[in-house]
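Since we're looking at a predicted model, the values are computed, not measured. Read the numbers this way: they start at 1 and go in the same order the structure lists the ligands and their atoms.
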Amino acid sequence: MKKTPFLTLETARAIASEIPTPFHVYDEAGIRANARALKQAFSWNPGFREYFAVKATPNPHIIKLLHEEGCGCDCATYTELLLAEGVGITGHDVMFSSNVTPEKDMLKALEMGAYINLDDATYVEFLERLTDGKVPETVCLRYNPGGSFSLSNTIMDMPSDAKYGMTEDQMAGAISRLMQLGTKHFGVHAFLASNTTTNEYYPELAAKLFRLVVRLHNATGAHFSFVNLSGGIGVDYRPEQPKCDIAVIGEGVHMRYDQILVPAGMGDVAIFTELGRFMLAPYGHLISTVLHKKHIYREYVGLDACASDLMRPAMYGAYHHITVLGKENEILDHVYDVTGGLCENNDKFAIERSLPRIKVGDILAIHDTGAHGHAMGYNYNGKLRSAEVLLKEDGSFQLIRRAETPKDYFATLEGFGFDFNC
Ligand SMILES: *Cc1c(COP(=O)(O)O)cnc(C)c1O
């Protein structure tokens, strides 16, 4: 399907006249509509809750907007917990899904009253020590089924190679011990495949987890209050890719719920999700201006953005669609490598991409940068992270994070004075 940007050249220019490119821009209307569609898809489950994976887009304005749509926060670190708390999100509105967890982080999550999702059975002792034996009333456990995880005979991922979660036997042991210590309710969690574009991922994962909780309930007598399907629903980065249909996904999970949990007398289990990419990726663009063109063995277009604004192409070879704003309907009769200015040859947003003829000064929209975009930014080569802008439902825009300055870059240095007339 043709990918069209959510803003026009005119809007991009209006923003750029106040906030110089490059910047990430987010589409409030799209974010809200998508969050509502997710909620609707799971409305058959009264306890349903999305805990937005804040690592995807750790901006309090975005988190607040999603909170208004009923979403909580999924945090993995001390700083992410502070971010949730800063927006006023605490208690069971927070899921703490960490691994290799420092004491300080766990203590903060406990202080906030977050749901604790334990990555390993050894964390029961850790929790017991940190709480003086007063473990939380509800605890979630992260499952690793081992082996390979397949959908329609295609291997999606290898849980046996993943560092996360624990075995079923370890879960049963952890549950028994936690019950002795006073835990009354349990949740289970698993994240078995990332960026899936099939409607079958969540239903298959749900079936696996539903059967697991039935077995664990039979083995331990524990009460399970939720199943956390975590993240993993993907987006159509490429125009020819299928798009996940959240209504179909919700119905697929519903069917497995009725087949597996309801007959087991476990029809009170809530479904939780921790989506990041699905919630935000399509509703962000990286807006960047063409600084230079060069012609050697290939044609190059050099942007004012670089991999420090969007790392996925350099890191994973990921495809991000590009639209030259104002040239949406021109024929794609030129082939360019679209690059940033890092001293790294993998700093390319696109390789041999068919695009319309591009001129210096053109403004490009790089699609699907709303999740794992700005968040993965870094400062290599002294590149400064870009601004973030919210395009509001009424058409106005708001700066929600300013661009970094050299002063920010030097702020953590000790014992050396710099003069910042820059
Ligand atoms: C990264 C992550 C998510 C979100 O994943 P997406 O692919 O962005 O949906 C959810 N839960 C945990 C524990 C994660 O690490």
Side-chain angles (χ1 to χ4, degrees), residues 26 31 34-35 37-38 41-42 49-59 62-63 66 71-81 83-84 93-101 105-106 109 114-120 123 139-145 149 151 156-157 159 161-166 187-199 201-202 205-206 209 226-237 241 243-244 246 249-250 253 271-284 310-312 315-316 318 320 368-376:
Y26 305 106
I31 295 169
N34 183 62
L38 171 69
F42 285 91
R49 193 85 199 270
E50 151 70 2
Y51 290 85
F52 174 58
V54 305
K55 74 164 188 248
T57 323
N59 187 303
I62 300 292
I63 293 167
L66 286 169
C71 305
C73 286
D74 167 42
C75 302
T77 61
Y78 182 78
T79 321
E80 288 184 351
L81 288 166
L83 189 55
D93 285 357
V94 178
M95 178 68 63
F96 186 56
S97 294
S98 63
N99 69 99
V100 197
T101 313
D105 299 34
M106 186 61 86
Y115 278 129
I116 308 292
N117 183 12
L118 299 183
D119 184 59
D120 189 53
Y123 283 52
V139 174
C140 185
L141 302 171
R142 186 163 184 167
Y143 177 48
N144 185 329
F149 178 70
L151 290 176
M156 303 296 289
D157 220 320
D161 297 346
K163 66 172 178 170
Y164 307 109
M166 58 189 109
V188 297
H189 167 281
F191 191 164
L192 301 187
S194 193
N195 191 27
T196 60
T197 50
T198 145
N199 294 332
Y201 170 60
Y202 253 21
L205 171 67
L209 293 182
F226 64 84
V227 166
N228 181 348
L229 300 176
S230 189
I233 299 183
V235 300
D236 50 332
Y237 287 102
Q241 265 181 317
K243 202 173 153 73
C244 285
I246 198 64
I249 291 172
V253 175
I271 304 296
F272 291 170
T273 57
E274 294 174 347
L275 297 165
R277 191 186 315 273
F278 179 77
M279 302 308 287
L280 250 299
Y283 314 107
L310 179 68
M311 199 180 194
R312 299 185 70 259
M315 190 171 178
Y316 310 120
H320 279 265
D368 302 312
T369 68
H372 312 296
H374 186 281
M376 289 173 80

*asked:* Would Ile116 and Leu118 count as a side-chain contact (heavy atoms from CB on, under 4.5 Å) here? Give the steps.
replied: CA-CA 6 Å; Ile116 308 292; Leu118 299 183; 3.6 Å; yes
In a simple table, one pair per line, please give the protein and ligand 1 atom names for every N or O pair closer than 3.5 Å, along with the distance.
from: ligand 1; atom 1: 8 (O); to: Arg277; atom 2: N; distance (Å): 2.8
from: ligand 1; atom 1: 8 (O); to: His372; atom 2: NE2; distance (Å): 2.8
from: ligand 1; atom 1: 9 (O); to: Gly232; atom 2: N; distance (Å): 3.1
from: ligand 1; atom 1: 9 (O); to: Gly276; atom 2: N; distance (Å): 3.0
from: ligand 1; atom 1: 11 (N); to: Asp74; atom 2: OD2; distance (Å): 3.3
from: ligand 1; atom 1: 11 (N); to: Ser230; atom 2: OG; distance (Å): 3.2
from: ligand 1; atom 1: 11 (N); to: Glu274; atom 2: OE1; distance (Å): 2.7
from: ligand 1; atom 1: 15 (O); to: Lys55; atom 2: NZ; distance (Å): 2.7

*Determine, using ring centers only, whether His189 and Tyr143 are less than 6.0 Å apart.*
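No, too far apart.
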*Run the ring-centre check on Phe226 versus Phe272 and record whether the distance is less than 6.0 Å.*
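Yes: the rings meet the under 6.0 Å criterion.
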_Set out, in order, the CA-CA distance, both residues' side-chain angles and the distance that settles salt bridge (Lys or Arg N to Asp or Glu O under 4.0 Å) for Asp93 and Arg49, then state yes or no._
CA-CA 9 Å; Asp93 285 357; Arg49 193 85 199 270; 2.8 Å; yes
_For Tyr201, the option from Phe278, Phe149, Phe191 that meets ring-ring contact (aromatic ring centres under 6.0 Å, His included)_ = Phe149
*Mind checking what makes ring pair (Phe, Tyr, Trp, His ring centres under 6.0 Å) contact with Tyr78, not counting sequence neighbours?*
none
